[in-house]
Structures are given as structure tokens and as C-alpha cells.
Amino acid sequence: MSSLQSAALARVKPSATLAVTARARELKREGRDVIGLGAGEPDFDTTKYTDVDGLPELKAAVAAKFARENGLKYETSQIHVAPGGKTVIYNALVATLSPGDEVIVPAPYWVSYPDMVLLAGGEPVTVIGHEADGFKLKPEALEAAITPRTKWLILNSPSNPTGAAYTGAELEALAAVLRRHPQVWVMTDDMYEHLIYGDFDYRTIAQAAPDLYDRTLTVNGVSKAYAMTGWRIGYAGGPKPLIDLMRKVAGQTTSNPSSISQWAAVEALNGPQDFIAERATHFEARRDLVVSMLNQATGVRCATPEGAFYVYPSIEGLIGKTTEGGTVIDGDDTFTAELLDAEGVAVVQGSAFGLSPYFRISYATSETVLEEACRRIQRFCASLR
Ligand SMILES: Cc1ncc(COP(=O)(O)O)c(C=O)c1O
């Protein structure tokens, strides 16, 4: 089996200055009288560097969150905190991908996955989750995509851009395939975990298939659940050897995320959680409004997703039609450009997410705005001949 560490990271030394500082900090915590002359850090008191991959208090809050909400047990040494979920994912890929290593990215995918894989020197392998299958990866398609060079499968549930979420049984079916391929690690991006509707029973894969725990990185963050996108705090729980490699990457690149943001995240994770479910009911009402209005637009077909704040309607019924200005709608790129031009509604073309002809709407805005936007989309679709 190939090594977990990427060839590039194997050539890199851990940051010596950060290692000394971390050791000194640890000894001080144990009560030792240590004089720290290691870090290049002004002694005037504002706020200071923290441990590279997160304050102990934040790691404890994250570990408690995983135990409380996902039934997953992680030691604080198995937690990685970084500037946003994005950096967490990137650190994991940079830490592990060597040239030729493949990463299975189910489409429609969040725009950054394939490009992050490329940046990290790996090869993205996209596998389509069709609309008829709720935009979800089927076990047969996963099996067919796996090769001896497959290093990761990336799961994102609920999904950006489709809102699709995997049931426990669907995750178990994927796990049955993964059991036959022990070289494949699983990165699950659970950013939208709390935006789930109706009585859907949310599961993350290490919970649905505990035997995969030793090769799963469970990624999450405060951006979407707590509406804290600007604070830039993401986190993950995973096997210690992987977490150690991710810390090595962070130690030579970002160092710690802002200490102020980390303390804010401690408060978010340890504080009252009831408003999360309350917010989800608002999002559910918005989803229902948008799905219903889009399905009333000529030529548009919009599935009802389980979660997140996105819908991914099909415009199959509009392909070949012509705008009032004479432009033929030959795909979702043209559709979204013409919609913006004619009605001033900005949506994202499906080609950006790896499945056409669709477009993505983010409904993380007020019902008044959504209603107006959907009315304009209806008017635009009705104007096509
Ligand atoms: C699926 C998914 N993962 C990760 C992120 C990034 O999260 P963060 O803002 O914490 O970097 C996003 C943000 O849009 C996302 O949609």
C-alpha cells in the first residue's frame, strides 16, 4: 500500500520553530517552569500565536461536538482546526496526494474539490450522481471508478450544489464497496449537517460504518451552521497519523487560524444550540417556496432536496429555445448569462459543478427576495420561444 504522506510533504521538514514553541507550551501547561525564547513573537500584549492546529479549548469543544451530535469519539490529538473548512480539506489533500494519486469526486460537486485536488498534484476522477438517483453516488458507479491509485473518495452531505443528503443505508451501501478497497480513504464534508429538513435522519459515514473510522476524515466547521463564514474556522476529526501530517502542512503554511476566531468558535460550539433548528425551519420554508415556484416555470424541473440551502433545477426543457434577442439556449452557461442579462437574476451554471444542463440557486436569503427572483425566472422562461 502506498504511504499516507504525499511525496511533496515527505520532502518537507516540520517547522522547527513551531515544534519548540509547541513543546514549551505543553510543558508550561504541565506546570513546568519553562522560559520560552523560541518563538519570534513580540511580548507586548495583544493576542498570540496558538497551537498550529487549534487551541486545546477549541479542540475539546470540537471533540465534544462530534461526540454529542455524531456519536463519534475523537481525542483532541485527532482534531485539526484551520482557517475555514476549505483549508482543512486542502491541508488533507496536500498532506497525502502524490503525482498520479486519484481522488473520486462525485458530481455535481462543490466547485473547489477538483481544483484543490489538482493544486495538490492529484487527479480528480468525477463520477456522476444522476438526478434520477437524487444526485447521489451509486455503489456500482463507485466500484467502477476505483483503481489501485485511488487515495480518497470525497463525500459531501448535504451537498453543495444539490442539497442531496445520504441516508444511513445509502452510506452503508457505499461502505460495502469501500471495504473491498482498503487503500481508499474517505473525506466527508459535513458543512451543511445542520441544514436538514423534515424528519431526515442525518448520518455521517464514520457513524454509519464505524469500521471505516480508521480511514475517514470527518470535516465540518462553523461557517454554515453558525452563519460564521467571516470568522474562518473549520475543523476535522480523523486518525492521528493523518492529523499529524495535516499539522505539518499547516506548520509550514498558515500557522494557526486567528486566535480571536478560535475563541468565538469555542463559544459557538459550547453555547446554546437551539437556534440552529429554529433557523433550519426558516430555510425549509424557503426551500419549499423556491421548489414550488421553479416547478411552475416553463421548461424547468426542480427536485426537492433533503438539505443545505441550494436547489439544482434542470433546464433540459429549455434547450434549443430562443431568447427575445435571438440567442439560442444551447446549455446552462448561455441560460444563466441570458437570465442575468434579461432579468438581473444571478444564478450559477451547472457546468461549474460538473453536471449539465442545470443551474444552482442559493436560497440563503429572504422569502421576499426569493419570490421576486423566482417570478423573474418564470418570466424569462416564459419569454423563450
Ligand atoms: C461544501 C462546502 N465545503 C466547504 C466550504 C467552505 O467552508 P469555509 O467557508 O469554512 O471555508 C463550503 C463553502 O461554501 C462548502 O459549500
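Every number for a ligand or one of its atoms is a count from 1 in the order of the listing. Quick note: residue numbers are just sequence positions, from 1. Values below: every heavy atom of this structure, side chains too, minus hydrogens, waters and symmetry copies.
With a heavy-atom cut-off of 4.0 Å, M191 touches ligand 1 through its side chain alone.
In this structure, E338 CD and D333 CG are separated by 11.5 Å, a value rounded to the nearest 0.5 Å.
If you look at Y213 and Y74, their ring centroids are closer than 6.0 Å. Residues F135 and Y312 place their aromatic rings such that the two centres sit under 6.0 Å apart. Outside the 6.0 Å centre-distance limit, the rings of Y197 and F283 are not counted as a close aromatic pair.
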Fill in: Verdict with reasoning, T204 to N70, per side chain to side chain donor-acceptor pair (under 3.5 Å)
CA-CA 7 Å; T204 187; N70 308 109; 5.7 Å; no
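Of the protein's heavy atoms, D189 OD2, 3.4 Å lies nearest to atom 2 (C) of ligand 1. Nearest protein heavy-atom neighbour of atom 12 (C) of ligand 1: W110 CZ2, 3.5 Å. For atom 13 (C) of ligand 1, the closest non-hydrogen atom on the protein side is K224 NZ, 2.9 Å. When only non-hydrogen protein atoms are considered, atom 11 (O) of ligand 1 lies nearest to R232 NH2, 2.8 Å.
For I243 against A236, the heavy-atom pair with the smallest separation is CD1-O, 4.4 Å.
Relative orientation of the Y226 and F275 rings is tilted, given thresholds of 30° and 60° on the angle between their planes.
Contact atoms of ligand 1 toward S223: 8 (P), 9 (O), 10 (O) (distance under 4.0 Å to a heavy atom of the residue). Within ligand 1, the atoms closer than 4.0 Å to a non-hydrogen atom of G84 are 10 (O), 11 (O), numbered from 1 in the order shown. Close contacts between ligand 1 and N156 involve ligand atoms 1 (C) [criterion: under 4.0 Å to a heavy atom].
Geometrically, ligand 1 and T229 share no nitrogen or oxygen pair separated by less than 3.5 Å. Polar contact with ligand 1: absent for Y113 (N/O pair, distance under 3.5 Å). Not a single N or O atom of I233, backbone or side chain, sits closer than 3.5 Å to an N or O atom of ligand 1. Taking any N or O of Y192, backbone or side chain, at least one lies under 3.5 Å from an N or O belonging to ligand 1.
The pair E343-R379 meets the salt-bridge criterion, with a side-chain N (NZ, NE, NH1 or NH2) lying under 4.0 Å from an Asp/Glu carboxylate O.
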